[in-house]
Amino acid sequence: MKPAATAHGAGHAMHGPPGKGGDHAAHGGHMAMIEDFKRRLVVCLILTVPIVVLSPTIQDFFRYRLDFPGSIYVQFLLSSVVYVYGGYPFLKGFVDEMKKRLPGMMTLISVAITVAYVYSAAVVFGLPGMTFFWELATLIDIMLLGHWIEMRSVMGASRALEELVKIMPAEAHMVMPDMVHDVPVEALKAGDVVLVKPGEKVPIDGLVISGETSVNEAMLTGESKPVPRGPGDKVIGGSINGEGSIKAKVTKTGKETYLSQVIDLVRQAQESKSRAQDLANQAAFILTIIALSVGTITLLAWIYLGQDLEFAVERMATVMVITCPHALGLAVPLVIAVSTSLAAKSGLLIRDRTAFEKARDLQAIIFDKTGTLTEGRHGVTDIIPLAPQEEDDVLGLTAALEARSEHPIAAGIAKRAMEKGLKTIPVTGFKSLPGKGVEGAIDGETYRVVGPGYLEEKGIAMTDARVEKALRQGKTVVFLLQGEEPAGAIALADIIRPESREAIDRLKQMGIKCMMLTGDNRYVARWVAEELGLDEFFAEVLPHQKVEKVKEVRRTYRTAMVGDGVNDAPALVQADVGIAIGAGTDVAIESADIVLVKNDPRDVVSIVGLSKKTYAKMAQNLLWATGYNAFAIPLAAGVLYGFGILLSPAVGAILMSASTVIVAINARLLRMPQALRTPVTAPSGRTTSPGSRTPRPLVSGRR
């Protein structure tokens, strides 16, 4: 039984396709449904007051008398209105379920209120017995209240999409040849230029062509700090511009924009089935059959045991009401809606719910190296003084000589000097040594920055153990010479992300083996693996060989692959869970099950943690929903009648509604795992992760 097949479950799949009005139309329809339930509840509550006051059962209990000729007909008329007007959503749902041959909760409610109404009406017109009018009215009131609360809960969980839609501004400042003109965002096309003023929202995905600023992308990517943006940088529609005006060229429009893709992914994930949901649907269907069967057996059993028809009908109605699988129908879909929304707000986009559920049981995670665990750029890892020099002196002198070079190595050295705040040292007589390095004069002294080849050519001995170690690790080493004497050396390599250390530590604490897959040489791979404390690494693996490596690991462990989603696409598909990291604005990566917007390996930890929490919430809700029924059905049938314990239909309705509300509240209490934002090792740090061991290289050469 699909919850969405009923009136109550309609809210679970309320979102239309993103774009022009799809989500807004669905949102409006769902809000109208909520208001309709509220209106029916208010009217029925007002009518219930005189029904309860005129009830003989209530009068006997509170020892008062309010009886007049025709009072029974007043109760009948008022109850008829409550039955028809208040019970209409349930009766309509019953018809829908019968058309689909999927009896469910609407069937149970409809049978319960119809039995109570028809039996009571028969008593009014001559059948011996007692009426159930006050029980009928309060039962419908409680059902309407439960549905209203439930639908509001579902609406709240799915409201993230509506909030995302609202992020986009309606108008943009389009730059014309002679003026700036305000136009609707829908009118923009690729190649147009827009002006974004300080404090305004960026209207569309684009590329900054002039101006510098910082942009707040927290609502889109989960990045808490404003990110700097200048010429050549991308900006995302819906992000908030900071202190500077910028002009940006439109690169994506409509469904191609980051926000539209996120909305689409969130909608698909919220509506996608999961294994737990299938189990809940099957359980709800079985429970419906059980309720109808047990209700009928209860009626016949009490009549057989000598009880009057009134008592037997009340027991049957109570069984029908208390067995309604509302909690089961809501248990999983609401958790899915909440977890998907939470993930999207943090820049974790779930494309495949089944794969996301598998993440809780991961035993091994294979990371791509370049751009995933590392930054994909050359940076300084070691500064080695070889004369009476300080590290800053070696770095400052080398940076001064390399300042005019555009080589990636020179850029890495210059960046490190800038990070350390070293002053620029003037250089005279600068000249390039083709294929060897550069030289220049500083304070009248000749300095050179050269590679190992120059030292070999000049016969300059180099026996420093620190340099030899850096070379063994596959790092690029340049030497600072004062005259012809080595004054220092600087080792560079693909910089390890400081966040990677924390991510690996946290994953290992979870008992997950952490591995690395790279096409780089085994010396560099070993160095990265040792720095991070990885369990194993695969080096010198060509792109087409990555799939085989993932298959090899999968034979032993449930495995996730984390890569950039481009070169690693086949490996991402081969893994149990494929995670594309650092996708930025390109979220539609077909090969990945989960897309991480930021270049932060710690988000892999968040995905595993959220998967575990989501599954726990599903299990809690399913356990509560099934356990509640196992306990409540026998009570409703009257097995403890001999001990004076008997539940009325109204009390049964209260218990059923309470069960539904508990499940809804429990789902809404789901939270993202604690943010991984503790201080991390600085880029220069070389501390091996605690508890790490030297990994074993599984691949020693190309195949």
Side-chain angles (χ1 to χ4, degrees), residues 369 373-375 377-402 407-410 412-413 415-417 419-420 422 433 436-439 445 447-496 498 500-501 516 518 520-534 537 539-540 681-697 700-701:
K369 181 183 79 70
L373 292 176
T374 66
E375 296 182 6
R377 66 174 180 85
H378 267 74
V380 174
T381 61
D382 305 86
I383 302 172
I384 306 169
L386 297 174
Q389 302 270 9
E390 297 293 331
E391 284 192 6
D392 285 355
D393 295 332
V394 173
L395 179 61
L397 291 166
T398 306
L401 290 166
E402 294 279 27
H407 193 281
I409 290 176
I413 293 171
K415 181 176 176 64
R416 185 57 181 279
E419 289 172 349
K420 298 196 74 173
L422 301 182
L433 305 174
K436 298 174 183 178
V438 296
E439 74 171 42
E445 191 80 38
Y447 287 89
R448 297 183 181 85
V449 177
V450 296
Y454 182 88
L455 270 61
E456 291 179 13
E457 181 184 315
K458 296 294 183 179
I460 301 173
M462 179 55 59
T463 58
D464 189 275
R466 294 167 297 175
V467 173
E468 291 178 357
K469 180 182 178 182
L471 290 169
R472 284 198 307 272
Q473 291 172 336
K475 297 179 181 179
T476 299
V477 180
V478 296
F479 298 90
L480 174 67
L481 302 183
Q482 185 174 1
E484 293 294 332
E485 292 296 320
I490 294 180
L492 301 98
D494 189 0
I495 291 294
I496 297 172
S500 297
R501 293 179 169 87
M516 182 177 69
T518 179
D520 215 336
N521 70 71
R522 62 182 181 275
Y523 303 109
V524 172
R526 177 182 285 277
W527 168 68
V528 173
E530 288 177 345
E531 287 289 298
L532 295 177
L534 297 175
F537 69 88
E540 299 177 352
T681 309
S684 60
R686 302 177 60 209
T687 305
T688 303
S689 303
S692 64
R693 62 176 176 81
T694 302
R696 173 172 55 89
S700 59

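These numbers were taken from a predicted model, which means no experiment stands behind them.
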Side-chain donor-acceptor pairs under 3.5 Å in residues 456-467, sequence neighbours left out?
unit_1: Glu457; atom_1: OE2; unit_2: Lys436; atom_2: NZ; d: 3.2
unit_1: Asp464; atom_1: OD1; unit_2: Arg466; atom_2: N; d: 2.8
unit_1: Asp464; atom_1: OD1; unit_2: Arg466; atom_2: NE; d: 3.1
unit_1: Asp464; atom_1: OD1; unit_2: Val467; atom_2: N; d: 3.4
unit_1: Asp464; atom_1: OD2; unit_2: Arg466; atom_2: NH2; d: 3.1
unit_1: Arg466; atom_1: NH2; unit_2: Pro385; atom_2: O; d: 3.0

Q) Is it true that atom OH of Tyr454 has more than 12 heavy atoms of other residues, nucleotides or ligands lying nearer than 6.0 Å? A)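 Counting neighbours around OH of Tyr454, more than 12 heavy atoms of other residues, nucleotides or ligands fall under 6.0 Å, so yes.
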
Validation: residues 394-402 side-chain donor-acceptor distances under 3.5 Å, sequence neighbours left out:
unit_1: Thr398; atom_1: OG1; unit_2: Val394; atom_2: O; d: 2.7

Could you pull out all donor-acceptor pairs under 3.5 Å where a side-chain atom in residues 476-483 meets a protein atom, sequence neighbours excluded?
unit_1: Gln482; atom_1: NE2; unit_2: Tyr447; atom_2: OH; d: 3.4

Q.
Under the rule for side chain to side chain donor-acceptor pair (under 3.5 Å), what residues qualify as partners of Asn521, not counting sequence neighbours?
A.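 Listed in chain order: nothing, the list is empty.
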
Q) Can you list the residues that meet the side chain to side chain donor-acceptor pair (under 3.5 Å) rule with Thr374, with sequence neighbours excluded? A)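 Here the qualifying residues are Asp494.
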
Identify the heavy atoms of [X] and [Y] that sit nearest to each other, and give their distance.
| X | Y | answer |
| --- | --- | --- |
| Arg522 | Glu540 | N-OE2, 3.4 Å |
| Lys475 | Ala493 | CG-CB, 3.9 Å |
| Gly412 | Val380 | O-CG2, 3.9 Å |
| Glu375 | Pro498 | OE2-CD, 4.1 Å |

Q.
Under the salt bridge (Lys or Arg N to Asp or Glu O under 4.0 Å) definition, can you give me all pairs with a residue in residues 389-401, not counting sequence neighbours?
A.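 Those involving residues 389-401 are Asp392-Lys420.
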
**Q.** Distance, nearest 0.5 Å, that separates NZ of Lys469 from CH2 of Trp527
**A.**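 The distance works out to 11.0 Å.
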
Q | Evaluation steps, side-chain contact (heavy atoms from CB on, under 4.5 Å), between Leu492 and Arg416 | A | CA-CA 11 Å; Leu492 301 98; Arg416 185 57 181 279; over 6 Å; no

Q.
Under the criterion side-chain contact (heavy atoms from CB on, under 4.5 Å), I'd like the reasoning laid out for Leu373 against Ile496: C-alpha separation, chi angles, the key distance, then a yes or no.
A. CA-CA 6 Å; Leu373 292 176; Ile496 297 172; 5.7 Å; no

